[in-house]
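Scroll down for the structure; my scribbles are underneath it.
Nothing here was measured: the structure is a model prediction, and the numbers come from that model. Side-chain atoms are counted along with the backbone in the values below, which use heavy atoms only and exclude waters and symmetry mates. Indexing begins at 1, ligand by ligand and atom by atom, following the structure's order.
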Amino acid sequence: MSKPFRIAIFASGNGTNAEAIMNYFQSHSLIEVGLILSNNKEAKVLERADRFNVSSLTFDKTEFRDPATILTSLEQQSITHIVLAGFMWLVPRYLVNAYPDKIVNIHPALLPKFGGKGMYGMHVHQAVKNASELVTGITIHLVNEHYDEGAIVLQKTCSVASSDSVEDIADKVHTLEHHWYPITIENWITK
Ligand code: GAR
């Protein structure tokens, strides 16, 4: 018997956040991860999905632009909520319209700082270092058809030392993400 809330996770790469989410909801009473979707056939997140026995689907740009391909898969899996976890493409309007206020993203900085097109992954941490920021963090926000612009659900901060490398900053941010993203998804879905 499937659970009332079923998440689809879109991820483009490594998928450590996707893993933290699959792990957190593994034996949850109300929420389960039903599908992992990726634009990258080589993405490590696909191996992580296999390990958790979660179905996965890959797509190219043409398929992503075609509502039928993606929406049919989401409907077949009875997906109620969408989670972006390191997904690097802009979400098309048809998907936002099909899941209004039901799509959430995590951004590895304190929006509105260091957001927008081209600001993803290590580029963000490099920009934080270049700007000599003393604080960075995470932003979890609802998704609309513009990069990094939906309503903010949660922000958490961590300090940045001048001696921190870009990788150090990324590690600190990842630690925050793995802790806060699953809990925040749970609260957002069940509130
Ligand atoms: C995460 O830090 C996430 O915040 C970021 O990509 C990383 C993916 O890591 N997302 C963005 O930059 C979106 N603009 P992961 O593949 O290990 O979860």
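At least one N/O-N/O distance between H174 and ligand 1 falls below 3.5 Å. In terms of polar-atom proximity, defined here as any N/O pair under 3.5 Å, N17 does make such a contact with ligand 1. Taking only nitrogen or oxygen atoms, main chain and side chain alike, G121 reaches within less than 3.5 Å of ligand 1. At under 3.5 Å, a nitrogen or oxygen of T16, whether backbone or side chain, sits near a nitrogen or oxygen of ligand 1. Polar contact with ligand 1: absent for Y120 (N/O pair, distance under 3.5 Å). Considering backbone and side-chain N/O atoms, G15 comes within less than 3.5 Å of an N/O atom of ligand 1.
Set against the non-hydrogen atoms of M119, the atoms of ligand 1 under 4.0 Å away are 14 (N). Less than 4.0 angstrom separates some heavy atom of N14 from each of these atoms of ligand 1: 16 (O), 17 (O). Residue-ligand proximity, G86 to ligand 1, at heavy-atom distances under 4.0 Å covers atoms 6 (O), 8 (C), 10 (N).
Under the 30°/60° scheme for interplanar angles, the aromatic rings of W89 and F64 are found to be tilted. The aromatic rings of H174 and H178 lie tilted to each other, with the angle between the two planes from 30° to 60°.
Counting heavy-atom neighbours within 6.0 Å of Y94 OH, excluding the residue itself, gives a total above 12.
Among L71, L35, V33, I9, the one residue that satisfies the side-chain contact (heavy atoms from CB on, under 4.5 Å) test with I79 is L35.
Of all non-hydrogen atoms in V104 and V143, the two that sit nearest each other are C-CG2, 3.8 Å.
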Step-by-step salt bridge (charged side-chain N to carboxylate O under 4.0 Å, His left out) determination, K41 to D60: CA-CA 9 Å; K41 285 190 169 51; D60 61 23; over 6 Å; no

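If you take CD on E133 and CZ on F114, they are separated by 4.0 Å, rounding to the nearest 0.5 Å.
Closest to atom 13 (C) of ligand 1 among all protein heavy atoms lies I106 O, 4.0 Å. Atom 11 (C) of ligand 1 has its closest protein heavy atom at P108 CD, 3.6 Å. Closest to atom 4 (O) of ligand 1, if we only count protein heavy atoms, is E177 OE2, 2.4 Å.
No donor-acceptor contact under 3.5 angstrom links the side chains of N23 and E19, judged on distance only.
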